[in-house]
Colleague: 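Before we start, here is the structure in question, set down as structure tokens.
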Amino acid sequence: MAKNLLIVESPAKAKTIEGYLGKDFLVKSSYGHIRDLVKTDDAIDIENNFEQKYEVPSDKKAVVSELKKLAKNAETVWLASDEDREGEAISWHLFETLSLKDDKTKRIVFHEITKPAIMRAIEEPRKIDYNLVNAQQARRVLDRLVGFELSPVLWKKVKPSLSAGRVQSVAVRLIVEREREINKFTAEASFKIVAQFTPGNGREQFKAELPQRFEQKSDAETFLRDSIQASFAVSSLEKRPGKRSPAAPFTTSTLQQEASRKLSFSVARTMQVAQRLYEAGHITYMRTDSVNLSDTAIQAAQQEIVNAYGENYYKQRRYKTKSAGAQEAHEAIRPTYFSHHTVEGDPAERRLYELIWKRAIASQMSEAEFEKTTAKISVSTRREELVATGEVMRFDGFLKVYMESTDEESDNTNEQNGDNTLLPPLNKDQSLTLKAMNATERFSRPPARYTEASLVKKLEELGIGRPSTYAPTISTIQNRGYVVKEDRDGRERQFVVLQIVDNKVVEETKTETTGAERAKMFPTDIGVLVNDFLVEHFHDIIDYNFTAKVEKEFDEIAQGGKEWTMMLKDFYEPFHQGIQDTLEHADRASHERQLGTDPATGKPVSVRVGRFGPLVQIGSADDEEKPRFASLRKGQMIETITFDEAMDLFKLPKKVGLFEDKEMTVAIGRFGPYIRHASAFYSLPKGMDPMDVTEQDAIQIIQEKRQKDREKVIRVFEENPDAQIENGRWGPFIRFGKQNVKIPKGTDINKITYEDVLKWAEADPKGKAKAAAKAATAKKATKKTTSTKSKK
DNA sequence: CAGTGAGCGAGCTTCCGCTTGACTT
């Protein structure tokens, strides 16, 4: 039995450290927190100084009992959880739960997993810092009180099973308010002048722009007309050096942003892939808010840069964190070995690793140097001057390996005043020949919708949430139905282009698509409804500064300057009063809105949130005739739907004809427009308007789909036509009635017997359960029973 | 992947932050 038991939070970390410490140390992991508040309402005794009731959750029982046994036999137990509020609390929970003895327990901390750092930590043990533990308790209790008192108010006043919390409710609020800004926004048009010049003698052309824009078309037209007769000359020429510096190495949040922009990963995907890289020992810990690199890492990076690119590409840099509330228990995210430019693994792992490698290496490289040339061009008939710029890279520096992208870059801008544009050699007062000039109508743009990653960025700026919770928070607000991440089509917009052709100004109207979105966060009606309710009744809690305010108080507790139960008391009393007042006085929220009167029947038309989501209703409940209902579609919201759009919803489903003696119906479902025929569904091809589908179209779509399905089938079993081998998205699998059966690796498809199918289907209890659930929901749907159980 | 949308009411839901598996048509 080892003399020393050292406990860290992560098993991968434990493995590394064990290698550094040798035989006298057994290094184990707690797998994060080992205790949590009980799930019931009596977890916190408010009357009794917020005393907490903790339990070891079932999935942690095994870990705890093992640690307990090992701790009993160890001479000394070293608590080496992270050096932050949560880490200190983990040590305390371990101390309590494992019944450790004060004189046999030592608390140590380190910020980097290197041998010297750990040896140094062991030389400097300390005691558990109870101020820090109290700060964590205050945080934990406050979050529980907020979440478990606010959520039930929503169940009562809005809809069951909803949730609210210090973090998620602010995340939803950001998205709701951004959507409103976009709705409110009106685009303003202006005309931008762009010209092409040549210095003459067939030398190359270059582009120049007018810095100011014209709001009126007539003014732009006048400028073009004036330019026809004008002479042009270089009025000034300026050369200026410029520099660009590399970005800091990745934190969780910046990694999520870059992986989103450059690799199109969701934040959850980024974290999954990073976790695999971490477990394989390729990168340092991926949940961090620190931009700091260890001294050993800086040296390793130096060596790699000097070897690969030369001395002049190296520049040592130390970065400071900008984000509020950073706790910096770890290093920045970096490769463990800078000499590994890539790693083995699936394509996602390789791409993410290379991104991390480049960013970390670049962070220790020298600036890129540019020379920027600006030429002003006079127009003899006007006071304004055109401007041409060119940029030449003199030294690439860190750009040799890494270029950070920006959010704007992914927008569909058709203006390309890019960086590495060259100007031909020019002299002051040189006259220029105009080759072309146009004025293009451009529109101002509304604020950008959030992506998952830009929402994380915003939350981090506000100090809300932690690296370990960004991805789960983004998932929660989607799972609750408050927001959706989706693509939406843009709409067509016309714009005017004026051009000089044969010494005349010619006008042309063009069309472009605007407002198309890919994988952006949109609020749902229920999200808007809940947000407005919370803003009205609990303004303080979902204020953007609430977290910052309480964090300041947690810090004071951690410093020993404030008593944690006093802080909670000051918060809880008014908060709880607000809960009671709201329960008693607030109206039920439904967001009902009157749209007008149906011209055909004279009945009122309204929209509201119903039991199954947002709906339009014609007629009222207390009318003799039953009201008619229709669900809103993707992209439509109670707040913004117009009367005409609402009435259009009643035009579908629509019968379009007969095929094989059965009716074909066109409707719009959750996944877009489809044709229903017999009991099967057929999606409409993208871009086809469901209102325009003819009988012929529908028959063709059905036949094409059937043909495609036939092509997917590789083999059918004679014994049972419900069993067949199909080509799926990830290779062949067996469709066995309602159950999908996996084919074991290395199996020859042609040699599978029906007995194999039965055997494999039987051996997969989860697949069977799923199939049963599928069958049950299908039956329920046909029986028209209504269950309040949510799907999944 | 439709349509559905009352009212009654038992018993349920819910927070944030620290971890990793098990999961994947």
Side-chain angles (χ1 to χ4, degrees), chain A residues 8-13 29-37 39 41 43 59-60 63 81-82 84-87 89-90 93 136 139-155 159-169 272 275 278-279 285 287 327 329 464-470 472-473 476 480 547 608-617 621 626-631 652-653 665 667-676 679-683 712 726-735 739-742 766-767 770 781-782 784-786 788-790:
Chain A
V8 293
E9 292 179 34
S10 147
K13 212 191 248 184
S29 154
S30 73
Y31 292 81
H33 273 295
I34 51 149
R35 286 206 302 191
D36 193 14
L37 294 172
K39 299 245 179 308
D41 284 342
D59 59 329
K60 290 289 167 62
V63 180
S81 47
D82 296 344
D84 57 17
R85 207 162 59 203
E86 297 298 325
I90 287 174
H93 281 304
Q136 193 272 347
R139 199 280 304 156
R140 181 69 190 90
V141 169
L142 181 131
D143 281 336
R144 167 58 69 88
L145 291 173
V146 169
F148 275 40
E149 294 211 10
L150 271 188
S151 300
V153 177
L154 296 179
W155 305 343
K159 196 176 127 169
S161 302
L162 295 175
S163 66
R166 173 176 59 83
V167 173
Q168 59 168 283
S169 297
Q272 278 164 17
Q275 175 88 27
Y278 168 65
E279 282 169 16
Y285 198 56
R287 290 188 272 265
Q327 306 201 2
I464 298 172
R466 304 278 315 130
S468 67
T469 60
Y470 295 138
T473 300
T476 300
R480 295 268 178 276
T547 291
R608 67 188 162 90
V609 178
R611 197 142 68 97
F612 305 108
L615 62 92
V616 193
Q617 178 176 344
K626 265 190 152 184
R628 294 169 66 204
F629 300 100
S631 298
L652 289 172
T665 313
I668 295 188
R670 209 154 62 83
F671 304 135
Y674 65 91
I675 298 163
R676 200 187 154 197
S679 54
F681 297 91
Y682 304 87
S683 300
K712 278 199 289 195
E726 279 182 30
N727 255 329
R729 199 140 57 107
W730 295 300
F733 72 102
I734 301 164
R735 188 187 294 282
Q739 186 181 351
N740 293 318
V741 180
K742 223 194 289 187
K766 274 199 182 134
K770 242 191 204 168
T782 53
K784 285 199 173 188
T785 53
T786 47
T788 48
K789 273 261 174 288
S790 63

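Quick note on labels: first sequence line is chain A, next is B, and so on, each numbered from 1.
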Colleague: At 4.0 Å (heavy atoms only), tell me whether A/Pro472 reaches a base, stays on the sugar-phosphate, or touches nothing.
Modeller: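 Nothing: the residue A/Pro472, judged by heavy atoms under 4.0 Å, touches no strand.
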Colleague: Phosphate oxygens OP1/OP2 of B/dG17: is one of them under 4.0 Å from a side-chain N or O of A/Arg166?
Modeller: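 So the side-chain polar atoms of A/Arg166 do come within 4.0 Å of the phosphate oxygens OP1 or OP2 of B/dG17, strictly under.
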Colleague: Tell me whether the OP1 or OP2 atom of B/dC16 has a side-chain N or O from A/Arg144 closer than 4.0 Å.
Modeller: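 Negative; the distance criterion is not met.
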Colleague: Which nucleotide sits closest to the side chain of A/Arg139: B/dT13, B/dT14, B/dG17?
Modeller: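 Comparing B/dT13, B/dT14, B/dG17 against the side chain of A/Arg139, the answer is B/dG17.
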Colleague: Among all residues two or more places apart in sequence or in another chain, which pass the side chain to side chain donor-acceptor pair (under 3.5 Å) test with A/Gln272?
Modeller: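 A/Gln272 satisfies side chain to side chain donor-acceptor pair (under 3.5 Å) with no residue once adjacent residues are dropped.
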Colleague: Is any side-chain N or O of A/Gln168 closer than 4.0 Å to OP1 or OP2 of B/dC15?
Modeller: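 For A/Gln168, the contact criterion (side-chain N or O under 4.0 Å from OP1 or OP2 of B/dC15) is met.
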Colleague: Between B/dG3, B/dG21, B/dG5, which nucleotide gets closest to the side-chain atoms of A/Pro653?
Modeller: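 Comparing B/dG3, B/dG21, B/dG5 against the side chain of A/Pro653, the answer is B/dG3.
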Colleague: So does A/Gln136 get a side-chain nitrogen or oxygen closer than 4.0 Å to the phosphate oxygens (OP1/OP2) of B/dG17?
Modeller: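 So the side-chain polar atoms of A/Gln136 never come under 4.0 Å of the phosphate oxygens OP1 or OP2 of B/dG17.
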Colleague: Closer to the 5' end of DNA chain B via nearest nucleotide, is it A/Gln275 or A/Asp36?
Modeller: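 The residue whose closest nucleotide sits nearer the 5' end is A/Asp36.
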Colleague: Using the rule for Phe, Tyr, His and the six-membered ring of Trp, do A/Trp155 and B/dT13 stack at under 5.5 Å and under 30°?
Modeller: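 The ring of A/Trp155 is stacked on B/dT13.
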Colleague: What nucleotide among B/dG5, B/dC15, B/dT19 has an atom nearest to a side-chain atom of A/Ser631?
Modeller: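 Shortest atom-to-atom distance from the side chain points to B/dG5.
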Colleague: Tell me, please, which residues at least two apart from A/Phe148 pass ring pair (Phe, Tyr, Trp, His ring centres under 6.0 Å).
Modeller: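 Checked A/Phe148 against ring pair (Phe, Tyr, Trp, His ring centres under 6.0 Å); zero matches.
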Colleague: Which residues satisfy the side chain to side chain donor-acceptor pair (under 3.5 Å) test with A/Gln617, sequence neighbours excluded?
Modeller: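 A/Arg608.
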Colleague: Contact class for A/Leu162 vs. all strands (heavy atom < 4.0 Å): base, sugar-phosphate, or nothing?
Modeller: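 Sugar-phosphate contact only - A/Leu162 comes under 4.0 Å of backbone atoms but never of a base.
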Colleague: So, A/Lys13 and A/Asp82, do they make that salt bridge, N to O below 4.0 Å?
Modeller: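 So A/Lys13 pairs with A/Asp82 through a salt bridge.
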Colleague: Looking at A/Val146 and A/Arg166, what are the two nearest heavy atoms and their distance?
Modeller: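 Heavy atoms of A/Val146 and A/Arg166 come nearest at CG1-N, 4.0 Å.
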Colleague: Whole Å only: how far is the CD1 atom of A/Ile464 from the C1' atom of B/dC16?
Modeller: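 After rounding, the reported distance stands at 13 Å.
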Colleague: Rounded to the Å, how far apart are A/Gln617 CD and B/dG3 P?
Modeller: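 Nearest whole value for this atom pair: 16 Å.
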Colleague: Please confirm whether the shortest side-chain N or O distance from A/Ser10 to OP1 or OP2 of B/dT19 is below 4.0 Å.
Modeller: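 No, no such contact exists.
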Colleague: To the side chain of A/Glu86, which of B/dC18, B/dC16, B/dT14 is closest?
Modeller: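 Looking only at side-chain atoms, A/Glu86 lies closest to B/dC18.
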Colleague: Only counting residues at least two apart or in another chain, list the ones meeting side chain to side chain donor-acceptor pair (under 3.5 Å) with A/Arg628.
Modeller: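 Here no residue qualifies.
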Colleague: May I have the distance from A/Lys60 (atom NZ) to B/dG17 (atom P), rounded to whole angstrom?
Modeller: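 Distance, rounded to whole Å: 16 Å.
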Colleague: Considering only atom C1', compute the distance from B/dG9 to B/dT13 and round it to an integer number of Å.
Modeller: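 Between the two C1' atoms, the distance is 16 Å.
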Colleague: In whole angstrom, what separates A/His93's NE2 from B/dG17's C1'?
Modeller: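 Checked: the NE2 to C1' distance equals 11 Å.
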Colleague: In whole Å, I'd like the distance from the CZ atom of A/Arg466 to the C1' atom of B/dT19.
Modeller: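 Rounding to the nearest Å, CZ of A/Arg466 and C1' of B/dT19 are 15 Å apart.
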Colleague: Identify whether any heavy atom of A/Gly165 sits under 4.0 Å from a base atom; if not, whether one sits that close to sugar-phosphate; answer base, sugar-phosphate or nothing.
Modeller: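 Since only primed, P, OP1 and OP2 atoms lie under 4.0 Å of A/Gly165, the category is sugar-phosphate.
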Colleague: Would you say A/Tyr470 reaches B/dG17's phosphate, i.e. side-chain N/O to OP1/OP2 under 4.0 Å?
Modeller: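 No.
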Colleague: Would you please confirm or rule out a distance under 4.0 Å between OP1 or OP2 of B/dG17 and any side-chain N or O of A/Arg35?
Modeller: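 No.
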Colleague: Taking ring pair (Phe, Tyr, Trp, His ring centres under 6.0 Å) as the definition, give me every residue that meets it alongside A/Tyr285, ordered by chain and number, with sequence neighbours left out.
Modeller: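 Scan of A/Tyr285 (ring pair (Phe, Tyr, Trp, His ring centres under 6.0 Å), adjacent residues dropped) gives A/Tyr278, A/His330.
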Colleague: Looking at A/Arg139 and A/Glu86, does any basic side-chain N land under 4.0 Å from a carboxylate oxygen?
Modeller: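 Salt bridge: yes.
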Colleague: Please report the distance separating the P of B/dC16 from the corresponding atom of B/dC12, rounded so that it comes out in whole Å.
Modeller: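 Their P atoms lie roughly 23 Å apart.
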Colleague: Check whether any side-chain N or O of A/Ser163 sits under 4.0 Å from OP1 or OP2 of B/dC15, and answer yes or no.
Modeller: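 Yes, such a contact exists.
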Colleague: Which whole number of Å gives the distance between the P atom of B/dG3 and that of B/dG7?
Modeller: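 Going atom to atom, P in each nucleotide, I get 22 Å.
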Colleague: What's the closest nucleotide to the side chain of A/Tyr278 if the choices are B/dC18, B/dT20, B/dC16?
Modeller: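 Of the candidates, B/dT20 comes closest.
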Colleague: Return whichever of A/Ser151 or A/Tyr31 has its heavy-atom-nearest nucleotide of DNA chain B closer to the 5' end.
Modeller: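 This one resolves to A/Ser151.
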Colleague: With stacking defined as ring centroids separated by under 5.5 Å and planes differing by under 30°, is A/Phe148 stacked against B/dT14?
Modeller: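 Stacking is present between B/dT14 and A/Phe148, given that their ring centres fall under 5.5 Å apart and the planes under 30°.
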Colleague: Taking only the side-chain heavy atoms of A/Val167 (C-beta and beyond), determine which of B/dG5, B/dT19, B/dG17 contains the nearest atom.
Modeller: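 Closest of the options to the side chain of A/Val167: B/dG17.
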Colleague: Please determine whether a side-chain nitrogen or oxygen atom of A/Arg287 lies at a distance below 4.0 Å from atom OP1 or OP2 of B/dT20.
Modeller: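 So the side-chain polar atoms of A/Arg287 do come within 4.0 Å of the phosphate oxygens OP1 or OP2 of B/dT20, strictly under.
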Colleague: Using a 3.5 Å cut-off on both pairing distances, which stems of three or more Watson-Crick or G-U pairs include DNA chain B?
Modeller: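 Stem segments: none to report.
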Colleague: Under 4.0 Å between a side-chain nitrogen and a carboxylate oxygen: does that hold for A/Arg140 and A/Asp36?
Modeller: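 Answer for the salt bridge query: yes.
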